[in-house]
Amino acid sequence: MKAAVYLFLVAFLALASSCAFASDPSPLQDFCVAINDTKTTAAVFVNGKFCKDPKLATANDFFFHGLKEGNTSNQLGSKVTLITAKEILGLNTLGVSLARVDFAPKGLNPPHIHPRATELFTVLEGTLYAGFVTSNPENRLFTKILNKGDVFVFPKGLIHFQMNVGKSKALAISGLSSQDPGRVDIANTVFGSDPSISQEVLTKAFQLDKGTISYLQKQF
Ligand SMILES: *[C@@H]1O[C@H](CO)[C@@H](O)[C@H](O)[C@H]1NC(C)=O
Ligand SMILES: *[C@@H]1O[C@H](CO)[C@@H](O)[C@H](O)[C@H]1NC(C)=O
């Protein structure tokens, strides 16, 4: 009887701890440089990717050259350049990645979420209006005007955005707590999914008429 209770407790604690640590799994070795071979990696995924023999790893596996200014000539006036384990294979299993975000004057990085990462956003140039919204039922908005040298946190999974409110271009670098943070743009995913979400769903969800929904769907 005692043994059964003990086993139950162990199983319960194991389950509880696996629920509590909902971040990238910790590596059990110094590094695991991913093999950049789509044929091999398509077969089986071990902690994301297969590892290269550590003896064959080189400095270039941990290096990226040319984090250049992004082209902001688009509708939103912003460009995100991501450096994940796809770009630096040595980042595989290490639980971090990076983004460079360029903004034209009035440029917007639209409301989006990273399903797998908290973001540390650091402004290197310009002035940005940034914010995030908490989950239901509070849906509380936290905002800040950020200048050069300012850092703001976007907690994992929450909707957030940044807009350039200065007169010149703006630049920020983000650290993200996953080797593959993922990104869900709210407007694109809802109004630009492929295939489209039915208009009946969208009209009811957003309390809008069909014409407005059609108009929004055409934008994405
Ligand atoms: C930036 O993007 C625009 C629109 O796609 C394109 O016309 C332009 O040539 C690009 N500029 C550079 C420097 O690549
Ligand atoms: C990985 O392979 C792809 C396709 O061959 C290539 O485009 C990409 O630059 C490679 N990435 C690295 C980090 O070597």
Side-chain angles (χ1 to χ4, degrees), residues 34 36-38 59-92 96-117 119-133 143-152 154 158-197 199 202 206 208 211-220:
N36 190 20
D37 175 346
T38 47
N60 277 339
D61 288 326
F62 304 93
F63 174 77
F64 181 87
H65 173 70
L67 183 52
K68 294 193 205 91
E69 181 171 0
N71 185 346
T72 58
S73 301
N74 54 53
Q75 259 185 326
L76 293 166
S78 76
K79 178 71 186 175
V80 177
T81 311
L82 267 178
I83 307 284
T84 68
K86 287 190 197 80
E87 287 74 29
I88 303 182
L89 298 173
L91 265 185
N92 188 45
V96 292
S97 57
L98 181 143
R100 171 185 174 133
V101 196
D102 288 283
F103 299 86
K106 299 205 170 96
L108 171 71
N109 189 9
H112 65 279
I113 65 170
H114 301 295
R116 293 178 288 277
E119 176 171 354
L120 259 179
F121 183 87
T122 305
V123 179
L124 302 186
E125 263 177 54
T127 303
L128 294 150
Y129 168 67
F132 67 86
V133 183
T143 63
K144 202 81 185 154
I145 297 288
L146 305 174
N147 290 297
K148 184 175 177 171
D150 289 347
V151 180
F152 202 47
F154 301 115
L158 298 188
I159 293 183
H160 61 282
F161 59 85
Q162 307 100 28
M163 185 164 198
N164 184 356
V165 290
K167 291 200 170 68
S168 50
K169 53 190 182 182
L171 166 63
I173 296 281
S174 280
L176 294 136
S177 67
S178 167
Q179 70 175 47
D180 183 16
R183 174 171 173 128
V184 178
D185 281 300
I186 308 308
N188 280 12
T189 40
V190 173
F191 297 108
S193 68
D194 180 21
S196 301
I197 299 176
Q199 291 205 334
L202 295 178
F206 289 89
L208 293 169
T212 313
I213 293 294
S214 296
Y215 173 82
L216 286 168
Q217 286 179 321
K218 278 193 202 99
Q219 309 307 307
F220 298 99

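Remember, predicted model here, so these are calculated numbers, not experimental data. In listed order, ligands and their atoms are each counted from 1.
The side-chain contact (heavy atoms from CB on, under 4.5 Å) search around Pro110 returns Leu76, Leu108, Arg183, Asp185, not counting sequence neighbours. Thr72 meets the side-chain hydrogen bond (donor to acceptor under 3.5 Å, both in side chains) test with no other residue; sequence neighbours excluded.
Proximity of atom 10 (C) of ligand 1 to the protein is indicated by at least one non-hydrogen atom lying closer than 4.0 angstrom. Atom 7 (O) of ligand 1 is never approached by the protein to below 4.0 angstrom, counting heavy atoms only.
For atom 5 (O) of ligand 1, the nearest protein heavy atom (residue, atom name, distance) is Ser73 O, 4.4 Å. Of all protein heavy atoms, the one lying nearest to atom 14 (O) of ligand 1 is Asn71 ND2, 3.5 Å.
A donor and an acceptor atom, one from each side chain of Ser73 and Asn71, are located under 3.5 Å apart.
Checked against the 6.0 Å centroid criterion, the rings of Phe191 and Phe206 qualify as a close aromatic pair.
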